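Convention: sequence-line order gives letters A, B, ...; per-chain numbering from 1. Only a predicted model underlies this, so the values are computations on that prediction, with no experimental measurement involved.
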Amino acid sequence: MSAPDFQTPAHSIQFLSQCIDQTVVLRGWVANKREGKGIVFILLRDGTGFCQCVVSSGSSNDAFLEIAQSVSLETALVIKGLVRADEKQMGGLEIQVNQIDIVGESDNYPIAKKEHGIEFLMDQRHLWLRSSRQWAIMRIRNTIIFSIHEYFQQAGFVQMDAPVFTSNACEGTSTLFETEFYGEQAFLSQSGQLYGEAMAMAMGKIYTFGPTFRAEKSKTRRHLSEFWMIEPEMAFCDIFQNMNCIESFLHFVVKKVLLNCKTELESIGRDTKILESSLGGFPRMTYDQAVRIIKGEENVEGINSIESLQNELSSTTLKLQSIQEEIAVRERNLAQPGLKKGEIAFHQGKIVQLKQDKNDTEENLRNIPQWIDSAKNFTYGSDFGGSDETVLTRLFDRPVMVYDWPHEIKAFYLKRNPEDSRFARGVDVLAPEGYGEIVGGGERETDAQLLSEKIHAHNLPMESFGWYLDLRRYGSVPHAGFGLGLERLVTWVCKLKHVRESIPFPRMYGRLTP
RNA sequence: UCCUUGAUAGCUCAGCUGGUUAGAGCAAUUGACUGUUAAUCAAUAGGUCGUUGGUUCGAGCCCAACUCAGGGAGCCA
């Protein structure tokens, strides 16, 4: 055994394909290990990728083989070896190891090489982040963050951030986290948008990028208590220019992910068809039209929302039946005598999977009728619920933009449609595949009088908005912007089941650690 | 806050209508095997059935309350 080598610059697994037939040094952790007599296969991960390293008596001396046999999951290693092309392997290559040294041992790593429940994994989030799926998601998240900056910086926006401590509930709707600021009551920011408006009047085009807090005790797959939001704001901009900006911005980000994250998308099994079709123009519709579609009064390319839901309901019922039949068949197979251990394990594994499927399907069967109900009985004038968004977006293969909302249900600062004052010039972008709202924005009200009235009507403390009204007194211009929920975008791009997988350490109702 | 589903070994789950000593796979430990892809095979060890109370000759299973978690509603990016 030698001292671990920290001096030689290590190679990144990411770029190993450029080092075929060369000797390289890798530093990383054991992601998996399999062994036979006189041969050990170590799947090494170094943060940039995964690579199989083979230690055998042929390529390495016995002392190193013994070390390789002794390593356990997540042992930290320095490995020196020869890069060999091998089509069968992940990344098309593997390492013939000449030298292996342990840097840090790892006994009884809690996350096993099998499926785990979500609660257990969340308790182990600090370790779960090491697994390949989480690795891929975080790499995609990183690409999204970087391309967001790239897009806005290239387009001449200046990043200027809003404060996290605020003195008031700026929109007066959501529940805020209360805290204390030198003896004064303060809240954690739920949006930097009002500040964004002030900064846009100083810079022309700005964007904020920071954490945002919502204290609703919400327990759904699309909600987090703490999340990251990007809020661009543009002076001299109306709602239609705003929608153009949203569209070209999302195109840019999705294109970058498709281009730079092929491995990652593949490793999480993301079908990229919808991402590709999302590079086309987004359908734009008014609230009125969207309501007609939800209620089934207007079809989208011949498809009726209610009918398609009912079809889904009957196909889900059939699916449940076939799952139950398959479970029964497998259980009968299991009951036969003289099965090999491997066969038993195989059938049991399938049954566990099928039962999971069955639970999900039953969940859908409970939910879909409620959605049909809520779509049919949608009351004109109210906001869309999660199910209404699902009903609408499943008819499209790309994000949908809904604008001109009844002003009563939208924030006070949104501009009225000058041609029809019942509507406010807000826009929501709804992601396809059931993911719902990823962007909310709109053109801002410039009429100081109307704004004051709205602030009164919403029972908001006028004294907190003096500075905001100043923006309308000194060189007021048409302006617009939007807020993008980073995690919701990541969740949709990766097609995750739950938004909590899209952030390294999620904070939500009932979850403050790790 | 409301509706709904659940809590059994370190993990994932069985456990039928209440009935002897609560089971399996994975992980762990020991051994076998020179090309494995969640490797395989053999053996060992591993449990106060979420908590409290109740019904019963007898409770993992029935009842009540509570705690925690999944999903949904509301609210929201």
Side-chain angles (χ1 to χ4, degrees), chain A residues 31-43 50 52 54-59 65 72-73 86 88-90 94 107-124 171 173-175 190-191 193 212-231 331 334 340-342 344-349 351-353 355-356 359-360 362-364 366-368 370-371 373-374 382-387 389-390 409 411 428-431 435-441 482-492 497-499 509-511:
Chain A
N32 199 359
K33 182 181 94 167
R34 292 173 285 269
E35 57 185 312
K37 188 179 171 76
I39 188 163
V40 180
F41 303 95
I42 290 171
L43 185 66
F50 294 78
Q52 173 158 283
V54 186
V55 190
S56 66
S57 32
S59 68
L65 186 62
S72 49
L73 284 187
D86 184 344
K88 278 185 299 182
Q89 301 309 325
M90 192 191 294
E94 68 175 16
D107 285 335
N108 288 319
Y109 186 66
I111 301 179
K113 297 185 286 185
K114 59 165 299 194
E115 269 197 59
H116 292 278
I118 187 70
E119 192 188 352
F120 172 78
L121 288 171
M122 267 305 159
D123 286 338
Q124 307 293 333
E171 298 181 29
T173 49
S174 4
T175 326
Q190 58 153 349
S191 161
Q193 189 239 307
T212 303
F213 307 88
R214 303 282 162 89
E216 285 102 8
K217 288 182 181 172
S218 183
K219 292 177 67 170
T220 65
R221 55 182 78 193
R222 40 166 73 106
H223 187 91
L224 285 172
S225 304
E226 177 186 296
F227 62 96
W228 289 74
M229 189 149 71
I230 297 90
E231 294 181 281
E331 276 174 349
L334 264 184
K340 276 196 189 161
K341 210 173 160 187
I344 294 173
F346 177 75
H347 285 302
Q348 279 177 341
I351 288 174
V352 166
Q353 229 174 59
K355 289 201 171 167
Q356 195 64 52
N359 284 344
D360 290 351
E362 282 171 345
E363 192 101 46
N364 284 338
R366 279 194 295 270
N367 288 335
I368 295 174
Q370 290 176 24
W371 295 353
D373 230 45
S374 124
S382 53
D383 206 349
F384 294 170
S387 72
E389 290 176 358
T390 309
I409 56 169
D428 281 4
V429 178
L430 309 175
Y435 283 94
E437 189 176 355
I438 51 172
V439 170
F482 60 93
L484 169 99
L486 174 67
E487 284 76 16
R488 284 206 182 160
L489 179 62
V490 174
T491 304
W492 167 57
K497 221 177 147 188
H498 200 298
V499 71
Y509 184 56
R511 171 65 61 186

Distance, C1' atom - from B/U40 to B/G50, rounded to whole angstrom: 37 Å
Sugar-phosphate only, base, or nothing, as touched by A/Asp86 at under 4.0 Å among non-hydrogen atoms: base
B/G47 versus B/C68 - spacing of their P atoms, nearest Å: 27 Å
Rounded distance (Å) that lies between atom C1' of B/C68 and atom CD1 of A/Ile118: 16 Å
Flag if over 12 foreign heavy atoms under 6.0 Å of OH, A/Tyr509: no
Pair A/Gln52-A/Arg34, side chain to side chain contact (heavy atoms under 4.5 Å, CB included): steps then yes or no: CA-CA 10 Å; A/Gln52 173 158 283; A/Arg34 292 173 285 269; 3.3 Å; yes
Touch class at under 4.0 angstrom, heavy-atom based, for A/Val499 against every strand present: nothing
Stems involving RNA chain B, each a run of at least 3 consecutive Watson-Crick or G-U pairs under 3.5 Å: B:1-7 with B:67-73, B:10-13 with B:23-26, B:28-32 with B:40-44, B:50-54 with B:62-66
Those residues that, when tested against A/Asp86, pass salt bridge (charged side-chain N to carboxylate O under 4.0 Å, His left out) (two or more places apart): none
Euclidean distance, atom OH of residue A/Tyr509 to atom P of B/G71 [Å, nearest integer]: 15 Å
Are any protein N/O atoms closer than 3.5 Å to N/O atoms in nucleotides 2-4 of chain B? If there are, list each pair with its distance.
none

Spacing of the P atoms in B/U17 and B/C61 (rounded, Å): 14 Å
A/Lys219 side chain near B/G70 phosphate (N/O to OP1/OP2, under 4.0 Å): yes
Distance test, side-chain N/O of A/Arg34 to OP1/OP2 of B/A38, below 4.0 Å: no
Touch class at under 4.0 angstrom, heavy-atom based, for A/Glu487 against every strand present: nothing
Touch class at under 4.0 angstrom, heavy-atom based, for A/Gly436 against every strand present: nothing
Sugar-phosphate only, base, or nothing, as touched by A/Glu94 at under 4.0 Å among non-hydrogen atoms: base
Sugar-phosphate only, base, or nothing, as touched by A/Ser387 at under 4.0 Å among non-hydrogen atoms: sugar-phosphate
P spacing across the pair B/A7 / B/G15, given as an integer number of angstrom: 10 Å
When you compare the protein's N or O atoms with those of nucleotides 8-11 of chain B, which come within less than 3.5 Å of each other, and at what distance?
residue	atom	partner	partner atom	Å
B/C11	O2'	A/His116	ND1	2.4
B/C11	O2	A/Lys114	NZ	3.2

Sugar-phosphate only, base, or nothing, as touched by A/Leu489 at under 4.0 Å among non-hydrogen atoms: nothing
Side chain to side chain contact (heavy atoms under 4.5 Å, CB included) against A/Thr491, all qualifying residues, sequence neighbours excluded: A/Tyr435, A/Leu496, A/Val499, A/Ser502
Donor-acceptor pair present, A/Ser56 side chain and B/G35 base, under 3.5 Å: no
Listed partners of A/Glu487 passing salt bridge (charged side-chain N to carboxylate O under 4.0 Å, His left out), at least two apart: A/Arg141
P gap between B/C2 and B/C66, integer Å: 10 Å
C1' spacing across the pair B/U21 / B/G25, given as an integer number of angstrom: 22 Å
P-based separation of B/G54 from B/A14 [nearest Å]: 30 Å
Nearest to side-chain heavy atoms of A/Gln52, which nucleotide of B/U37, B/G74, B/A77: B/U37
Side-chain heavy atoms of A/Arg214 within contact of A/Phe227, under 4.5 Å: yes
Any A/Asn32 side-chain nitrogen or oxygen under 4.0 Å from OP1 or OP2 of B/U36: no
A/His223 side-chain N/O to B/G74 phosphate OP1/OP2 under 4.0 Å: no
Whole-angstrom distance between B/A59 and B/C75, as gauged at atom C1': 42 Å
Base B/C68 paired with A/Arg511 side chain (donor-acceptor, <3.5 Å): no
